[in-house]
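By convention in this document, chain letters (A, B, ...) are assigned in the order of the sequence lines, proteins followed by strands, and residues within each chain are numbered from 1.
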Number of protein chains: 2
Amino acid sequence: MGYTVSEVAEMSGISAHTLRYYDKQGLLPFVDRNKVGNRDFKDSDFEWLGVITCLKKSGMPVKKIRQYIEWSMEGDATLNERLEVFENHKKVVIEKIAEMQNYLDKIDYKIWFYQTAIESGTAAIHAQNNCVFTEGMDLSTVPNLHFPEQQ
Amino acid sequence: MGYTVSEVAEMSGISAHTLRYYDKQGLLPFVDRNKVGNRDFKDSDFEWLGVITCLKKSGMPVKKIRQYIEWSMEGDATLNERLEVFENHKKVVIEKIAEMQNYLDKIDYKIWFYQTAIESGTAAIHAQNNCVFTEGMDLSTVPNLHFPEQQ
DNA sequence: ATACGGCTTAGACTATACTCTAAGTCAACA
DNA sequence: TGTTGACTTAGAGTATAGTCTAAGCCGTAT
């Protein structure tokens with residue numbers, strides 16, 4: 001008396017194909033089956049799908065999520081392992097956000113670059129600008145970097 | 001008298017394999033060749049690599065980056081197109097950061113969840129908690145959601 | 001009775017982005 | 001004059017995450 005795979009697909013926004021794929025990958029061991037063998041999702045399964053979606057969309061690979069789900073199925077004995085999963089993943093997500101913020105700054109620079117270039121009609125007005133996109137590279141042997149557009 | 005592909009790999013952190021792959025995908029049309037036919041990177045090419053890395057790591061697919069590079073090669077006639085590329089991509093990145101922030105909040109909830117469960121020795125202490133992971137799903141027909149761990 | 005629709009599975013296919021291999025070229029050193 | 005080592009290419013292989021197809025099962029409506 002639960003939900004079929006297509007009902008869950010409709011409600012969750014995860015396609016029925018993907019739900020079956022997740023199941024095959026071991027992400028949905030908690031989903032019941034009815035007497036015919038069809039998946040029979042319970043209300044509480046939506047919360048699991050929410051957790052899986054959170055981990056998935058924040059960059060955790062399916063394999064790692066499966067490991068977390070397996071631990072969850074083992075009950076209170078794996079509480080520490082599961083805490084560690086989220087603590088580690090938190091660091092990853094924080095790092096990702098910081099990285100994105102950094103890229104956002106560079107994108108803003110480029111927007112300014114093109115806006116001012118469009119105003120003056122040419123990118124040549126930026127001939128004297130310093131570089132902002134080589135961060136993280138070891139360019140100690142590069143004497144003079146210029147913006148590509150100036151070539 | 002520039003840099004070889006492996007020198008650039010060393011300095012940029014992008015593998016030589018990947019640099020050749022990017023070239024094959026049309027991302028590096030500005031890279032010169034010497035008389036033998038070997039790639040001969042210039043100082044200014046590092047700035048291009050920085051832009052490509054920025055777009056790539058912030059989620060832009062290779063195909064879109066190639067389009068941007070093609071426009072860049074066409075000079076001032078495509079300044080508007082290139083501005084639009086960055087303006088659109090900025091929206092995408094901002095949305096991505098907001099999404100990550102949202103997931104971070106949920107991850108923090110889970111960390112609290114497991115920390116308090118560990119303290120008390122069982123996840124059963126959270127039997128009364130409301131759901132936080134089903135955001136975005138149409139659960140209007142679901143009467144009562146519970147945390148999966150309670151099952 | 002039989003046809004329809006939705007479910008099941010295994011497994012093939014796609015997309016994206018690398019990553020590597022094989023065969024060949026070339027400059028330099030012994 | 002080899003031989004080495006770094007370069008080249010086309011194209012094969014890998015990893016990840018779906019996405020789809022084909023064949024078959026089952027309950028219900030006609």
Can you identify which nucleotide, out of [options], has its nearest atom closest to the [X] side chain?
{"X": "B/Lys56", "options": "C/dT16, C/dA17, C/dT19", "result": "C/dA17"}
{"X": "B/Pro61", "options": "C/dT19, C/dA27, C/dA17", "result": "C/dA17"}
{"X": "B/Tyr21", "options": "C/dC7, C/dT16, C/dA17", "result": "C/dA17"}

Next on the checklist: Nearest heavy atom decides the nucleotide; on that basis, is B/His17 or B/Gly59 closer to the 5' end of DNA chain C?
Outcome noted: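 The 5'-side residue here is B/Gly59.
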Item to check | A/Arg20 or B/Tyr22, whichever maps to the more 5' nucleotide of DNA chain C | outcome: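 Taking each residue's closest nucleotide, the earlier one in sequence belongs to A/Arg20.
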Next on the checklist: So A/Trp48 and A/Lys42, do their side chains get closer than 4.5 Å, heavy atoms only?
Outcome noted: no
Checklist entry - So do the side chains of B/Ile52 and B/Ile69 get within less than 4.5 Å of each other, counting heavy atoms only? => result yes
Rounded to the nearest angstrom, tell me the gap between atom [atom1] in [X] and atom [atom2] in [N].
{"X": "A/Arg39", "N": "C/dG6", "atom1": "CZ", "atom2": "P", "answer": "17 Å"}
{"X": "B/Ile52", "N": "C/dC18", "atom1": "CD1", "atom2": "P", "answer": "11 Å"}
{"X": "A/Asn34", "N": "C/dT8", "atom1": "CG", "atom2": "C1'", "answer": "11 Å"}
{"X": "A/Asp23", "N": "C/dT8", "atom1": "CG", "atom2": "P", "answer": "9 Å"}
{"X": "B/Gln25", "N": "C/dA17", "atom1": "CD", "atom2": "P", "answer": "9 Å"}

Checklist entry - Looking at A/Ser6, does any N or O in its side chain come under 4.0 Å of the phosphate oxygens OP1/OP2 on C/dG6? => result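 For A/Ser6, the contact criterion (side-chain N or O under 4.0 Å from OP1 or OP2 of C/dG6) is not met.
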Checklist entry - Just to confirm, is there a sub-4.0 Å distance from OP1 or OP2 of C/dT16 to any side-chain nitrogen or oxygen of B/Arg66? => result no
Item to check | Five-pair end axes of the helix from C/dA1-D/dT30 to C/dA30-D/dT1, angle between them (10°) | outcome: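 That helix has its two terminal axes inclined by roughly 30°.
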Checklist entry - Of the residues in residues 90-101 of chain A, which ones touch DNA chain D at a heavy-atom distance under 4.0 Å? => result none
Checklist entry - Between the side chains of A/Asp43 and A/Tyr3, is a donor N or O closer than 3.5 angstrom to an acceptor N or O? => result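 The criterion, which ignores hydrogens and geometry beyond distance, is satisfied for A/Tyr3 and A/Asp43.
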Checklist entry - In terms of ring plane angle, is the pair A/Phe133 and A/Tyr109 parallel, tilted or perpendicular, where the classes change at 30° and 60°? => result perpendicular
Next on the checklist: For B/Tyr68 and B/Phe86, take the angle between the two ring planes, folded into 0 to 90°, and tell me which bin it lands in: parallel under 30, tilted 30 to 60, perpendicular over 60.
Outcome noted: perpendicular
Item to check | Contacts of type salt bridge (charged side-chain N to carboxylate O under 4.0 Å, His left out), residue B/Lys106, not counting sequence neighbours | outcome: B/Glu135
Item to check | Counterpart residues, salt bridge (charged side-chain N to carboxylate O under 4.0 Å, His left out), relative to B/Asp76 (two or more places apart) | outcome: none
I'd like a table of donor-acceptor pairs (distance under 3.5 Å, sequence neighbours excluded) in which one partner is a side-chain atom from residues 22-29 of chain B, with atom names and distances.
residue, atom, partner, partner atom, Å
B/Asp23, OD2, B/Arg33, NH2, 3.3
B/Asp23, OD2, B/Arg39, NE, 2.6
B/Asp23, OD2, B/Arg39, NH2, 3.3

Checklist entry - How is A/Ser15 classified with respect to the nucleic acid when contacts are heavy atoms under 4.0 Å: base, sugar-phosphate, or nothing? => result nothing
Item to check | Contact interval (first through last nucleotide) of DNA chain D with protein chain B, 4.0 Å heavy-atom | outcome: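 With heavy atoms of chain B under 4.0 Å away, the range is D/dA6 to D/dG11.
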